[in-house]
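So that the names make sense, note that chain A is the first sequence line, chain B the second, and so on, each numbered from 1.
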Protein chains: 2
Amino acid sequence: MSSNPLAAYDRPSVAVDLVLMTAVDGALKVLVQRHPQMAWVLPGGLVHIDETLEDTVARMLAQKARMPGAFVEQLYTFGALDRDPRGRVISVAYYALVPAERIERALAAGDDLRLATVSNGACDTPLGYDHDQIVRVAAERLAAKLDYTAIALELLPAEFTLRALQDVYETILSVRLAKPAFRRKMLDRGFLTSTGRFETGGAHRPAELYARA
Amino acid sequence: MSSNPLAAYDRPSVAVDLVLMTAVDGALKVLVQRHPQMAWVLPGGLVHIDETLEDTVARMLAQKARMPGAFVEQLYTFGALDRDPRGRVISVAYYALVPAERIERALAAGDDLRLATVSNGACDTPLGYDHDQIVRVAAERLAAKLDYTAIALELLPAEFTLRALQDVYETILSVRLAKPAFRRKMLDRGFLTSTGRFETGGAHRPAELYARA
DNA sequence: CCAAAAGTGTTACAAGTACACCCATGA
DNA sequence: TCATGGGTGTACTTGTAACACTTTTGG
């Protein structure tokens, strides 16, 4: 070993890949990006030498996904030898959650970005590299976190009805939930506050709007 | 960008750090290693260019921790710029669980390895780099996983009493649990099978030995 | 007034807690 | 036979599920 032992080894490249998800019309969606060779891939890029992982994620969110400031959490790190044909790349995957309205506005200006549909952890559009596997892990993590966190609120606008929240749960878990039980469980948890405002417009009683506590 | 875009950037080093934990006498312990400069650090090392992350973990477990084949899971990836004074090192942390007897046997031959005590996520021995933070995250993850997995069994020998299992839970969660409730919950979960054998020797009724289902 | 979806009350069941008690052993 | 910890039964409380019901709107 030399005076700096770090110099003695070949280094892998380190990338960040982003699984940006949203729930629209009963379907879980993932943002994917057109790729020159492989058809579609997750937005991602190399971690620069003077960037933290979070810096890279913020850069990917802003530049590649055009969703700066979205909720994001680290997912898992993938290190198989052959995951990138160009060379050894270790990828630190993050997942991001965005309300459907916001992503649909950004995609209106869209070109090389689109939303792929995920069902049972599988993506309807086949993705390059090991990105199908990354999406699967992200979908599983999201479903697991619904039970014990308020993470679903990241998929809704600032004010939302309990029915909209239930739709998010039913979409991600692929189950039908009972309305009264769902209402009470959510309200008892203390994650929500009622705004006193109502969503009008339907041919039925207006639904109260709630916000995060 | 050149023909191989990976070549265009300086690359960070990638390391694996290992949080090998066990539960002994009501205390959660972490294996730490003497370091030339900093007093104590987690066992760890660089990921070689032709090694998967899991390969590196297996190598660390065998060579550095002398605990080959232990249960291991990925914990989190740490990427702060200044976490290693020698240069930019991104560390993929893993946690490992080993029954107390096994680790105590291996440490009998001990030299530069010892068990530090963790309480409330904090390590009694101050560690170098950001390893105190890594230990904290590992302790939190372990406590969270007790609730919904059979992970505690990794900290016990192949056959064990329900009292021993309860001790593991109480140690990691830092709470006292009610014996009847604990027994029934564990048996109802289906993770355990009774062996029909008993642990004798105490001045009291022998305790039945259980094994993983 | 009717259809539709929001929202509530009532009962039943299941999971979890508290506590009292019995059991088998070594000394 | 006593102390000790293993192991069980029973009542109580809490959380969840099922179902029927009322409320408020648009057409």
- Item | Covered region of DNA chain C, 5' end to 3' end, by chain A [heavy atoms, under 4.0 Å] | C:dA3 to C:dT10

- Query: Is A:Asp50 atom CG crowded by more than 12 heavy atoms from other residues, nucleotides or ligands, each under 6.0 Å away?
  - Reply: yes

- Query: With a cut-off of 6.0 Å (strictly less than), are more than 12 heavy atoms of other residues, nucleotides or ligands near CG of A:Asp25?
  - Reply: no

- Partner residues of B:Arg59 under the salt bridge (charged side-chain N to carboxylate O under 4.0 Å, His left out) criterion, sequence neighbours left out: B:Glu51

- Counting only non-hydrogen atoms, which of residues 203-213 of chain B are less than 4.0 Å from DNA chain C? B:Ala203, B:His204, B:Arg205, B:Pro206

- Query: Where along residues 173-200 of chain A does a heavy atom fall under 4.0 Å from DNA chain C?
  - Reply: A:Lys179, A:Pro180, A:Arg183, A:Arg184

Donor on one side chain, acceptor on other, [X] and [Y], under 3.5 Å:
| X | Y | result |
| --- | --- | --- |
| A:Tyr210 | A:Glu159 | no |
| B:Thr117 | B:Lys29 | yes |
| A:Ser13 | A:Arg86 | no |
| A:Tyr95 | A:Glu73 | yes |

- Note on the structure: For A:His48, the ring-ring contact (aromatic ring centres under 6.0 Å, His included) test, sequence neighbours excluded, returns B:Tyr9

- Message: Tell me every residue that passes ring-ring contact (aromatic ring centres under 6.0 Å, His included) with A:Tyr169, counting only those two or more places apart in sequence or in another chain.
- Response: A:Phe182

- Task: Taking B:Gln166 for its side chain and B:Leu177 for its backbone only, find out whether a donor-acceptor pair lies under 3.5 Å.
- Result: yes

